[in-house]
Number of protein chains: 2
Amino acid sequence: MDIERAFGEVLRKERKNNSLSQEELAHFSDLDRTYISMLERGKRQPSLKTIFMLASTLNTLPSEIMVKVESLLNKKY
Amino acid sequence: MDIERAFGEVLRKERKNNSLSQEELAHFSDLDRTYISMLERGKRQPSLKTIFMLASTLNTLPSEIMVKVESLLNKKY
DNA sequence: CTGTAGACTTCCGTCGACC
DNA sequence: TGGTCGACGGAAGTCTACA
């Protein structure tokens with residue numbers, strides 16, 4: 001599991017928790033829909049600002065997103 | 001206070017807490033010294049991976065760094 | 001509603017050099 | 001030890017379009 005994939009998983013879960021489409025998330029976060037798609041699939045990694053904008057739209061804190069990413073990365077199978 | 005500056009402040013504090021020079025932090029994090037300098041001065045914003053690499057060198061968690069950045073941003077003067 | 005592709009602009013991150 | 005400059009390759013992020 002690499003960092004981008006872990007972030008993508010967390011992003012998708014949080015988006016669905018908020019009952020948003022990729023398009024809505026993109027719009028409210030001032031980002032592009034195709035870029036959200038790539039983030040969720042681990043094809044791109046966000047910058048610091050992007051993390052803050054997404055967290056704000058998802059009614060959570062950047063630090064809480066990071067906690068979830070960290071716990072995904074620490075899971076051993 | 002913008003996001004990059006807040007991050008830069010936190011980075012510099014954490015680096016000094018660990019008694020590292022910019023050059024040492026750069027080396028152990030596999031980054032460039034000039035880039036660390038720009039990060040600390042809020043001239044660049046790190047990507048997700050960069051945050052993880054820096055946190056690891058600084059013996060802390062990415063989420064803990066984010067908490068500190070968030071609290072700097074929430075300070076009202 | 002989402003994935004992907006291509007072309008595009010802006011910025012990240014490296015490197016060598018000098019102060 | 002840290003700040004800065006210029007040049008560079010590659011990646012972030014946008015946009016249009018089609019499946």
Side-chain angles (χ1 to χ4, degrees), chain A residues 1-63 65-66 68-70 72-73, chain B residues 1-63 65-66 68-70 72-73:
Chain A
M1 169 73 79
D2 59 22
I3 296 176
E4 296 97 313
R5 274 179 191 259
F7 181 86
E9 272 194 37
V10 172
L11 180 60
R12 179 161 293 180
K13 264 180 213 154
E14 292 296 313
R15 176 174 64 80
K16 299 204 164 168
N17 283 348
N18 283 265
S19 305
L20 294 171
S21 66
Q22 290 184 350
E23 190 156 12
E24 291 166 330
L25 174 57
H27 179 246
F28 294 134
S29 308
D30 248 320
L31 292 168
D32 195 81
R33 185 192 68 77
T34 64
Y35 178 55
I36 301 290
S37 171
M38 294 179 117
L39 279 180
E40 288 190 358
R41 301 176 56 73
K43 301 288 185 189
R44 287 276 196 285
Q45 54 159 339
S47 68
L48 183 64
K49 257 185 184 159
T50 302
I51 297 168
F52 270 79
M53 294 194 291
L54 290 170
S56 151
T57 301
L58 294 169
N59 295 303
T60 183
L61 253 24
S63 55
I65 293 186
M66 297 304 254
K68 288 170 186 164
V69 173
E70 288 160 8
L72 265 186
L73 289 172
Chain B
M1 168 76 75
D2 59 22
I3 296 175
E4 295 98 312
R5 273 180 192 259
F7 182 86
E9 272 194 37
V10 171
L11 181 60
R12 178 160 294 180
K13 264 181 213 153
E14 292 295 313
R15 176 173 65 81
K16 298 203 164 168
N17 283 348
N18 283 267
S19 306
L20 294 172
S21 66
Q22 289 184 349
E23 189 156 13
E24 290 167 330
L25 174 56
H27 179 246
F28 294 134
S29 307
D30 248 320
L31 292 167
D32 195 83
R33 205 212 94 227
T34 64
Y35 179 54
I36 301 290
S37 171
M38 293 177 118
L39 280 180
E40 288 189 357
R41 300 178 56 76
K43 300 290 184 186
R44 287 276 197 285
Q45 53 159 342
S47 68
L48 183 65
K49 257 186 184 159
T50 301
I51 297 168
F52 270 80
M53 294 194 291
L54 289 170
S56 152
T57 301
L58 294 169
N59 295 304
T60 183
L61 254 25
S63 54
I65 292 186
M66 297 304 252
K68 288 171 186 165
V69 173
E70 288 159 9
L72 265 185
L73 289 172

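Letters go in sequence order (proteins before strands), and every chain restarts at 1.
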Please report the distance, rounded to the nearest Å, between [atom1] in [X] and [atom2] in [N].
X: B/M53; N: C/dC12; atom1: CE; atom2: P; result: 14 Å
X: B/E40; N: C/dC12; atom1: CD; atom2: P; result: 16 Å
X: A/Q45; N: D/dG10; atom1: CD; atom2: P; result: 16 Å
X: B/K49; N: D/dG10; atom1: NZ; atom2: P; result: 15 Å
X: B/K43; N: C/dC12; atom1: NZ; atom2: P; result: 12 Å
X: A/L11; N: C/dT2; atom1: CG; atom2: P; result: 11 Å
X: A/I36; N: C/dT4; atom1: CD1; atom2: C1'; result: 16 Å
X: A/L54; N: D/dA12; atom1: CG; atom2: P; result: 14 Å

Handout entry: Whether over 12 other heavy atoms sit under 6.0 Å from A/R5 CZ
Key =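 Open: at most 12 neighbouring heavy atoms sit under 6.0 Å from CZ of A/R5.
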Fill in the blank from the handout: Contact string for nucleotides 14-19 of chain C, one letter per nucleotide 5' to 3', B = base within protein heavy-atom range under 4.0 Å, S = sugar-phosphate only, - = neither, reads BBB---
Problem - Test side-chain contact (heavy atoms from CB on, under 4.5 Å) applied to B/L11 and B/I65, B/L58, B/V69, the passing residue - result: B/L58
Problem - B/K49/A/E4 ion pair, N-O < 4.0 Å - result: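 Between A/E4 and B/K49 there is a salt bridge, with a charged N closer than 4.0 Å to a carboxylate O.
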Problem - Any A/S47 side-chain N or O less than 4.0 Å from OP1/OP2 of D/dA12 - result: no
Practice task
Ignoring backbone atoms, test whether A/R12 places a side-chain nitrogen or oxygen under 4.0 Å from the OP1 or OP2 oxygen of C/dG3.
Solution key: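 Result: yes.
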Side chain to side chain, [X] and [Y], heavy atoms closer than 4.5 Å:
X: A/R12; Y: A/R15; answer: yes
X: A/Q45; Y: A/I3; answer: no
X: B/F28; Y: B/N18; answer: no

Handout entry: Nucleic acid contacts - residues 15-28 of chain A versus DNA chain D, non-hydrogen atoms under 4.0 Å
Key = none
Handout entry: Atom pair OG/CD1 of A/S47 and B/I51 - distance to nearest 0.5 Å
Key = 8.5 Å
Exercise for the section: Carefully, step by step, assess A/E40 and A/K13 under the rule side-chain contact (heavy atoms from CB on, under 4.5 Å). Expected result: CA-CA 9 Å; A/E40 288 190 358; A/K13 264 180 213 154; over 6 Å; no
Exercise for the section: Take B/L54 and B/L39 through the side-chain contact (heavy atoms from CB on, under 4.5 Å) test and state the conclusion after the steps. Expected result: CA-CA 11 Å; B/L54 289 170; B/L39 280 180; 3.9 Å; yes
